[in-house]
Colleague: 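Here it is: the structure, laid out below.
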2 protein chains.
Amino acid sequence: MKADALRGHLDPMILAVVEHEPLHGYAIMEALQERSGGELDLPTGTLYPALRRLERAGYLASEWSTVGGRKRRTYQLTSAGQKTLAAGRGEWEVFRTVIEGVLRPRTN
Amino acid sequence: MKADALRGHLDPMILAVVEHEPLHGYAIMEALQERSGGELDLPTGTLYPALRRLERAGYLASEWSTVGGRKRRTYQLTSAGQKTLAAGRGEWEVFRTVIEGVLRPRTN
DNA sequence: GTCTACATGTAGCGTTTCTACATGTTGCCT
DNA sequence: AGGCAACATGTAGAAACGCTACATGTAGAC
């Protein structure tokens, strides 16, 4: 998939992935890949900064832990994040309607 | 609508609008607004540079004319533009599937 | 004679994704 | 023992592109 097209849509996607269970960065990457049918392959240089941004914005909260000698930073959705996710879903519907309204072929 | 979300999707939208009939910049703006149900209100500083970019890329061809004392630059789709538009529609389908696959709420 | 709609354009900013680099552990294979 | 893949997190700097703000000019209505 054209990678840059994600612009502006990545945030709600990340929030959606941690909606029901907290996950660490690497697991979020895998979850996104799986849910997108393998289409989405985020570089770490995209994901990790995005996570820090979302935490700074107050939509995620993180916590360090060590599992099998490996350090993990686990992120969970805050209540502000939940609201933002809900808003993001709404905005997606609008966005999709707009794009499709324009893109749809016309017989004219 | 969240403005920046357009990123990467504006090009096919513009191409779609001039698919069946050549239009000048201002008319393209109006057509986008109409087809989007008023949701899309492109600033001229977005549209005009985009048109030049698309022309430079070979997807649009332009021609000056004067109508009622006003100068218009009318753009029409080239055959390369047609191909790109078709590709853009395909990419949109993929994109939409990916986003919705991730965003869709799960009962989990 | 002033204001709105029509019409086109440039300069520079800001955000976000990308590429490339940097570091370290665990476990498997040979 | 050595190497490599998967696991795990992160930074620096570049590139793309839509935005705001500015700049200019005509036609027609009030």
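In what follows, every chain begins at residue 1, and chains take the letters A, B, ... in the order their sequences are listed.
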Colleague: Where is the tightest heavy-atom contact between B:H9 and A:I99, given as atom of each residue plus distance?
Modeller: CB-CD1, 4.0 Å
Colleague: CD1 of A:I99 versus C1' of D:dG18: gap in Å, rounded?
Modeller: 13 Å
Colleague: Return the minimal non-hydrogen interatomic distance between A:I14 and A:A50, and the atom names on each side.
Modeller: CD1-CB, 3.9 Å
Colleague: To check you understand the geometry: which heavy-atom pair defines the closest contact between B:Y59 and B:L15, and what is its length?
Modeller: CB-CD2, 4.0 Å
Colleague: Of the nucleotides D:dT9, C:dG14, D:dT11, which one has an atom closest to the side chain of B:R7?
Modeller: C:dG14
Colleague: Which whole-number value in Å describes the distance from B:L51 CG to C:dA7 C1'?
Modeller: 12 Å
Colleague: Name the nucleic acid region contacted by A:L10, choosing base, sugar-phosphate or nothing; use a 4.0 angstrom heavy-atom cut-off, strictly under.
Modeller: sugar-phosphate
Colleague: Pick the nucleotide of DNA chain D nearest each of A:R52 and B:T44; which residue has the one closer to the 5' end?
Modeller: A:R52
Colleague: Using atom NE2 of B:H24 as one end and atom C1' of C:dA5 as the other, report the distance to the nearest whole Å.
Modeller: 12 Å
Colleague: Which nucleotide in the list C:dT17, D:dC19, C:dG9 gets nearest to the side chain of A:T46?
Modeller: C:dT17
Colleague: NZ of A:K71 versus C1' of C:dT25: gap in Å, rounded?
Modeller: 11 Å
Colleague: Quick one: does A:R73 reach the base of D:dT9 with a side-chain donor-acceptor pair under 3.5 Å?
Modeller: no
Colleague: So which nucleotide from D:dC7, D:dC19, D:dT9 ends up closest to the side chain of B:L42?
Modeller: D:dC19
Colleague: Kindly point out which of C:dG9, D:dC17, D:dT9 is positioned nearest to the side chain of B:R53?
Modeller: D:dC17
Colleague: If we ignore hydrogens and angles and just use 3.5 Å, is the side chain of B:T66 paired with the main-chain N or O of B:K71 as donor and acceptor?
Modeller: no
Colleague: Send over the distance from B:D11 CG to D:dG18 C1', rounded to a whole Å.
Modeller: 11 Å
Colleague: Whole-Å distance between C:dA7 P and B:E63 CD?
Modeller: 17 Å
Colleague: Would you indicate whether the side-chain heavy atoms of A:M13 and A:V17 approach each other to under 4.5 Å?
Modeller: no
Colleague: Would you tell me if any nitrogen or oxygen in the side chain of A:R70 comes within less than 4.0 Å of OP1 or OP2 on D:dT9?
Modeller: no
Colleague: When you measure from the side chain of B:E30, which nucleotide among C:dT10, D:dG18, C:dC6 comes out closest?
Modeller: C:dC6
Colleague: Whole Å only: how far is the OH atom of A:Y48 from the P atom of D:dT9?
Modeller: 4 Å
Colleague: Select one nucleotide: of D:dC19, D:dC7, C:dT19, the one nearest the side-chain heavy atoms of B:P43.
Modeller: D:dC19
Colleague: So what does A:G45 touch, heavy atoms closer than 4.0 Å: a base, only the sugar-phosphate, or nothing?
Modeller: base
Colleague: Nearest-Å distance, NE2 (A:H9) to C1' (D:dC17)?
Modeller: 14 Å
